[in-house]
Amino acid sequence: MNTKNIFILSTISLAVLLGCKVTEEQPITDKLVNTNVVFNDVSSQVGLISEPAWKYGGPSVSDINNDGHYDFLLTNHDTTPIRLFFSNKDNTYTRAPSIFGKADLHGIAAGDYDQDGDNDVLIALGGGNGTSPQPQRLLRNDNGKFTDVTVEAGISEMGARGRSVRWIDLDNDGDLDFLQMNAEKMVNEDVPRNILFENKGDGTFTYRASKQFEDINAERLLVTDINNDGVADFIAFTTYDEASIWLGNNDFTFNNVTEQYFPNGADKYTSVVSAAQADIDNDGDLDYYFARGKLYYTLANNSLSYNEAAGRIDIRDEGNKSHDGITLEASGALELTDFYHFPRARRLKSMPVFLGTSKNEISTPVSSTIIEQKQAMGFPESIEKTGWYLGYIGNNQWRLEWFLADNVAWDVRASIKGISGYIPDWTPQNRNVQDVLLRNDGDKFTDISYVLPQETNHNNWGVTPGDFNNDGFNDFFVYRFGELKERIADVMLINNGDQTFTTKVMPSATTEVGQDSHGDMGTAFDYNLDGKIDILSGDDDNGLWHMYQNNTFMGDNHYVLVRVGYSINGVDPIGASIVVDSKSSKQTKLVGSTSASHSQSVLNIAHFGLATDDVVNSIKVKWRDGTEVTLDNVKVDELNVVGLLEPKANK
């Protein structure tokens with residue numbers, strides 16, 4: 001049969017199709033040890049070669065060219081252009097030619113707005129801290145050639161401080177509209193803060209006014225379906241204000257149901273960096289995990305990390321007009337390294353170090369600079385110039401102060417080695433914030449964060465869900481920022497099936513442990529279609545992108561993969577619901593992003609762990625246009641394709 005001319009496609013044996021090879025096996029046992037989840041960093045093997053760079057809230061993963069294999073778009077903020085990696089269909093990837101030049105890049109979203117069978121790309125650009133608001137950019141995908149059609153699509157006149165973009169069908173007419181969430185407006189901005197655009201169906205968009213939406217104080221959002229009505233809803237969040245919940249009305253309007261859904265008496269969950277959706281109890285609705293923490297600007301206020309074994313202290317403080325200090329204990333010389341300031345628009349070119357009573361000036365110690373006691377005897381009586389001041393004051397004690405004469409930087413940083421103790425003039429900031437887990441009880445959320453382990457009380461920047469051990473329950477992988485200049489291992493919360501979790505620290509999925517980088521965000525998906533959920537992660541602050549292959553021994557646990565195509569009416573997969581009914585469970589997933597920070601994915605090749613169930617009673621897919629298709633008596637450990645491989649117009 002010609003699969004392009006039928007609506008329901010038969011199953012495909014993955015073992016024959018892919019011939020996947022596992023690089024690390026665990027001893028065979030009678031059953032899976034629930035917590036024995038293992039990954040390998042296969043970035044080099046699969047061709048994911050990246051440069052050290054800042055990230056901005058995770059990748060955008062989708063089947064860009066609609067060939068049945070996931071591709072991914074990687075944002076690198078302002079240091080490296082967007083990187084697009086195409087799957088070669090043999091579990092390796094090739095980086096495509098640049099689709100957009102280096103810029104102040106923030107969120108990315110993929111979606112088929114023109115219904116031609118491949119995914120187009122939206123990009124959110126920053127606005128120069130409000131000095132030069134930018135419109136989002138729309139890159140039309142024409143069989144792998146990306147053309148900037150921002151102007152001809154009619155969306156070039158409404159600039160903002162772009163943060164997040166989302167493809168979303170706001171009127172359920174079958175084509176994708178989009179929204180953008182932006183940073184707080186500056187006084188010179190005369191356009192709405194957040195903006196909705198309606199797809200006119202002819203390649204153009206038109207602005208749709210929405211006072212309520214435009215005034216939401218948030219920079220990130222998770223598109224979801226909270227009440228299972230087939231209409232897109234969203235949860236908006238930010239690190240500096242309360243999260244909010246919005247139910248869609250199918251007409252470019254929303255109802256603010258924050259008070260109804262959040263638990264009575266609870267705070268409204270500030271400090272949310274990213275959010276994930278997963279049905280943790282298999283009751284048919286989506287539950288929500290909030291990863292919470294503090295970002296760079298918030299961290300830059302009386303923060304320090306002390307590695308006693310290494311004799312190193314790392315300091316980070318705000319760059320506003322200020323004067324702070326700390327006393328250091330050290331019997332010998334000090335090694336100064338990584339002194340840095342993140343300049344504001346006024347651009348302070350240098351922030352030197354002044355030594356001893358005489359204030360002998362040395363260049364900013366970016367790399368290792370050794371200072372002996374005799375080089376820095378005493379401490380100055382007066383400080384007038386912006387800079388760092390270091391002096392040896394006797395009895396194995398040193399004095400370090402930093403003075404900023406004006407608001408010249410976003411933050412200042414310093415690392416010093418060779419110390420055995422410290423006494424700050426201030427109380428060091430507690431950087432930890434407890435994560436939140438909300439169970440969806442139909443018309444309200446119940447806060448069950450008390451089940452979360454101590455490891456989640458950290459500065460967490462990301463979370464991504466998936467059934468990593470194929471036991472039929474969704475787990476969470478949580479990204480921890482770490483110390484100020486030291487990556488620590490992320491953690492996995494393995495679902496025990498009773499609304500409790502077992503914690504596993506995951507060095508096998510955090511290969512930059514101990515390096516000068518930080519946890520940021522990633523996405524869990526089955527990149528090689530072998531039935532095991534893998535993870536694509538980005539390490540921030542000059543870290544790399546990593547592909548972690550899941551090499552967990554699954555024992556008798558099975559899986560099923562469901563690739564959702566277009567509906568019979570030509571509607572793309574975004575927003576489609578998938579229900580997999582097997583002997584021991586009924587599992588539900590929503591096609592789109594399973595988690596979100598600034599970027600949006602389209603995970604339409606959905607993975608379901610089945611535990612020891614050896615047959616699936618049914619797979620039911622329902623698109624946002626109401627079309628439903630059911631497959632009965634489905635074999636396990638195979639890929640099933642439901643829907644058209646291309647929109648009707650291209651058949």
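Every value quoted in this text rests on a predicted model; they were computed, and no experiment measured them.
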Note to self: Run the side-chain contact (heavy atoms from CB on, under 4.5 Å) test against S618 and tell me which residues pass, sequence neighbours left out.
What the structure shows: D581, T630, D632

Checklist line | Set of salt bridge (Lys or Arg N to Asp or Glu O under 4.0 Å) partners for D169, sequence neighbours left out | finding: R624

Item checked: Minimal non-hydrogen separation, M547 against V46, with atom names -> CB-CG2, 4.2 Å

Check: Which heavy atom in L247 sits nearest to a heavy atom in D233, and how many Å separate them?
Finding: CA-OD1, 3.3 Å

Notebook entry, point to check: Applying the side chain to side chain contact (heavy atoms under 4.5 Å, CB included) test to V562, which of L639, I605, I619, L631 qualifies?
Noted result: I619

Item checked: Where A524 and I533 come nearest, the two heavy atoms and their spacing -> CB-CG2, 3.6 Å

Next item on the list: Indicate yes or no: does D441 engage R439 in a salt bridge with an N to O separation below 4.0 Å.
Entry: yes

Notebook entry, point to check: Atom CZ of F468 and atom OG1 of T35: how far apart are they, to the nearest 0.5 Å?
Noted result: 14.5 Å

Item checked: Partners passing ring pair (Phe, Tyr, Trp, His ring centres under 6.0 Å) against F178 (at least two apart in sequence or in another chain) -> W167, F197, F205

Notebook entry, point to check: How would you list, by chain and number, every residue that makes a side-chain contact (heavy atoms from CB on, under 4.5 Å) with V513, sequence neighbours excluded?
Noted result: A489, T510

Item checked: L603, D225, I578, N228 screened by side chain to side chain contact (heavy atoms under 4.5 Å, CB included) with L590, the one that passes -> D225

Next item on the list: Would you mind reporting whether W461 and S274 have side-chain heavy atoms less than 4.5 Å apart?
Entry: no

Next item on the list: Calculate, to the nearest 0.5 Å, the distance between atoms CD1 and CD belonging to I488 and E512 respectively.
Entry: 13.5 Å

Next item on the list: Identify the residue among F72, F86, W545, F85 that makes a ring pair (Phe, Tyr, Trp, His ring centres under 6.0 Å) with Y93.
Entry: F72

Notebook entry, point to check: Does a side chain donor of either N432 or Q434 reach within less than 3.5 Å of an acceptor in the other side chain?
Noted result: no

Checklist line | S582-D613 side chain donor-acceptor pair, cut-off 3.5 Å | finding: yes

Next item on the list: Report yes if the distance between the aromatic ring centroids of F525 and Y70 is under 6.0 Å, otherwise no.
Entry: yes

Checklist line | salt bridge (charged side-chain N to carboxylate O under 4.0 Å, His left out) partners of residues 269-289, not counting sequence neighbours, each pair once | finding: none

Check: Do any pairs count as a salt bridge (charged side-chain N to carboxylate O under 4.0 Å, His left out) and have a residue in residues 489-500, sequence neighbours left out, and if so which ones?
Finding: R487-D490

Note to self: For N470 and H607, which I'm curious about, is there any donor-acceptor pair between the side chains at under 3.5 Å?
What the structure shows: yes

